[in-house]
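Report on the following structure.
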Amino acid sequence: MTKKERFKKIFPILKEKFGEPKAALEFETPYQLMVAVILSAQCTDVRVNIVTKELFKVVKEPADIREMKQETLEKYIKSTGFYKNKAKNIKLNAEMMLDKYKDIIPKKLEELIELPGVGRKTANVVLGELWNIREGIVVDTHVKRLSNRIGFVKNDNPEIIERELMKFIPKKYWFIYSHYLILHGRNKCIARKPKCEICEIRNYCKYNEKI
DNA sequence: CTCCCGATAT
DNA sequence: ATATCAGGAG
């Protein structure tokens, strides 16, 4: 079976399982979503939501972050991990948002990743979530792991993986498919001990063949 | 490539 | 105890 054929087998199974998943991150303003995604690095959405529930009571726009002391911000976000880096980046991010972008989050990937704390993964999520702009495939640790296990790629570099996946996955499925892989990676194809024996897509997975 | 770093599952 | 988690910056 070619990669494209296997994709066409796997996709409906995951679609049946996950449907149209809505955003797991909670927010009111677009700026809040960007902050939430920055906080979600190496951290679960559940944890981010616990933190932002309090933080977003006082932070709606970049100006609110400018007025907040960095130490105060650190206390709010401490439990998300990497809190000093994140706090510093969010402060710098707010300054650039105010000075350069006049509070308007840029809609171009190249501009978005210029903002402190915003890399390729974060930018893709923000664009997709806020404006349905799906220019790329979100390749995080889950998409990386599952793509290699399934046998879609043999590579560790997120940008190369993204390009390889783009070759055989129709563009309209890019965003939703990465979302499916992430969900499947969290509850079944977990990093340490994948549950191949109860996996719905095992018949189309190279990793399962080896076991 | 290394550092950042707390929470959670195993 | 330890691996791992919806990454990004230097």
Side-chain angles (χ1 to χ4, degrees), chain A residues 14 17-18 20-27 32-55 65 70-71 73-97 105-106 109-130 133-149 155-162 165 173-198 207:
Chain A
L14 295 179
K17 187 177 168 190
F18 298 116
E20 306 286 338
K22 65 180 181 67
L25 292 172
E26 292 163 11
F27 63 98
Q32 285 180 337
L33 173 71
M34 179 166 68
V35 173
V37 180
I38 291 172
L39 292 175
S40 76
Q42 296 295 97
C43 176
T44 65
D45 289 349
V46 175
R47 172 61 52 188
V48 173
N49 286 334
I50 292 171
V51 162
T52 55
K53 186 175 185 198
E54 297 305 315
L55 179 65
I65 287 291
Q70 190 155 320
E71 297 76 49
L73 179 56
E74 286 179 2
K75 283 180 187 170
Y76 271 107
I77 69 173
K78 190 172 175 60
S79 71
T80 65
F82 300 163
Y83 66 94
K84 286 188 176 175
N85 278 345
K86 288 176 182 174
K88 185 170 69 179
N89 285 333
I90 289 169
K91 288 287 283 182
L92 292 170
N93 180 302
E95 292 302 323
M96 192 183 287
M97 279 293 293
I105 296 177
L109 187 74
E110 308 80 60
E111 290 181 315
L112 207 42
I113 61 180
E114 290 301 310
L115 286 161
V118 180
R120 197 175 173 81
K121 181 262 170 181
T122 300
N124 270 324
V125 175
V126 170
L127 290 174
E129 202 63 56
L130 292 180
I133 300 171
R134 279 112 202 247
E135 289 300 318
I137 297 176
V138 177
V139 179
D140 59 16
T141 177
H142 290 301
V143 175
K144 187 171 83 174
R145 183 178 68 254
L146 269 67
S147 296
N148 274 286
R149 280 182 176 169
N155 203 288
D156 223 32
N157 183 313
E159 289 193 37
I160 295 177
I161 294 173
E162 186 176 5
L165 292 177
Y173 300 127
W174 286 357
F175 189 81
I176 189 69
Y177 187 63
S178 52
H179 209 311
Y180 286 161
L181 286 189
I182 290 160
L183 294 171
H184 189 63
R186 291 218 57 155
N187 67 38
K188 203 144 289 175
C189 193
I190 46 186
R192 204 176 307 196
K193 194 168 177 291
K195 304 171 182 174
C196 298
E197 62 282 357
I198 55 169
Y207 189 81

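So you know, we letter chains A, B, ... as the sequences are listed, proteins then strands, and number each from 1.
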Over all strands shown, is [X] touching base, sugar-phosphate only, or nothing at heavy-atom distances under 4.0 angstrom?
X: A:Thr80; answer: nothing
X: A:Pro158; answer: nothing
X: A:Leu39; answer: nothing
X: A:Lys78; answer: sugar-phosphate
X: A:Val125; answer: base

Spacing of [X] atom [atom1] relative to [N] atom [atom2], expressed in whole Å:
X: A:Ile77; N: C:dG7; atom1: CD1; atom2: P; result: 15 Å
X: A:Asp45; N: C:dC5; atom1: CG; atom2: P; result: 14 Å
X: A:Lys121; N: C:dC5; atom1: NZ; atom2: P; result: 13 Å
X: A:Tyr83; N: C:dC5; atom1: OH; atom2: P; result: 22 Å
X: A:Ile161; N: C:dG7; atom1: CD1; atom2: P; result: 13 Å

Query raised in the report: Is it the case that more than 12 heavy atoms not belonging to A:Lys17 sit under 6.0 Å from its NZ atom?
Result: yes

Query raised in the report: Given A:Cys43 and A:Val48, is the side chain to side chain contact (heavy atoms under 4.5 Å, CB included) satisfied, shown in steps?
Result: CA-CA 7 Å; A:Cys43 176; A:Val48 173; 4.0 Å; yes

How far apart are the closest heavy atoms of [X] and [Y], and which atoms are they?
X: A:Val126; Y: A:Met34; value: CG2-CA, 4.1 Å
X: A:Ile65; Y: A:Lys91; value: O-NZ, 3.0 Å
X: A:Asn124; Y: A:Ile137; value: ND2-O, 4.1 Å

Query raised in the report: OH of A:Tyr83 to NZ of A:Lys88: how many Å apart, nearest 0.5 Å?
Result: 13.0 Å

Query raised in the report: Just how far is it from atom CG of A:Asn187 to atom CD1 of A:Ile182, taken to the nearest 0.5 Å?
Result: 12.5 Å

Report task. At the 4.0 Å heavy-atom cut-off to chain A, mark where contacts on DNA chain B begin and end, going 5' to 3'. Result -> B:dC4 to B:dT10

Report task. Considering only atom P, compute the distance from C:dA1 to B:dC4 and round it to an integer number of Å. Result -> 23 Å

**Report entry** Side chain proximity check, A:Ile105 to A:Leu33, heavy atoms < 4.5 angstrom
**Finding:** no

Report task. Sort and list the pairs that fulfil salt bridge (Lys or Arg N to Asp or Glu O under 4.0 Å) and have at least one residue in residues 118-128 of chain A, not counting sequence neighbours. Result -> A:Arg120-A:Glu162

Return the polar atom pairs (N/O with N/O) between nucleotides 2-4 of chain C and the protein under 3.5 Å, or none.
residue	atom	partner	partner atom	Å
C:dA3	N3	A:Arg192	NH2	2.6

Report summary line: Closest to the 5' end of DNA chain B, once A:Ser79 and A:Lys193 are matched to their nearest nucleotides, is A:Ser79

Query raised in the report: Between A:Ala41 and A:Leu92, which has a closest nucleotide on DNA chain C that is more 5'?
Result: A:Ala41

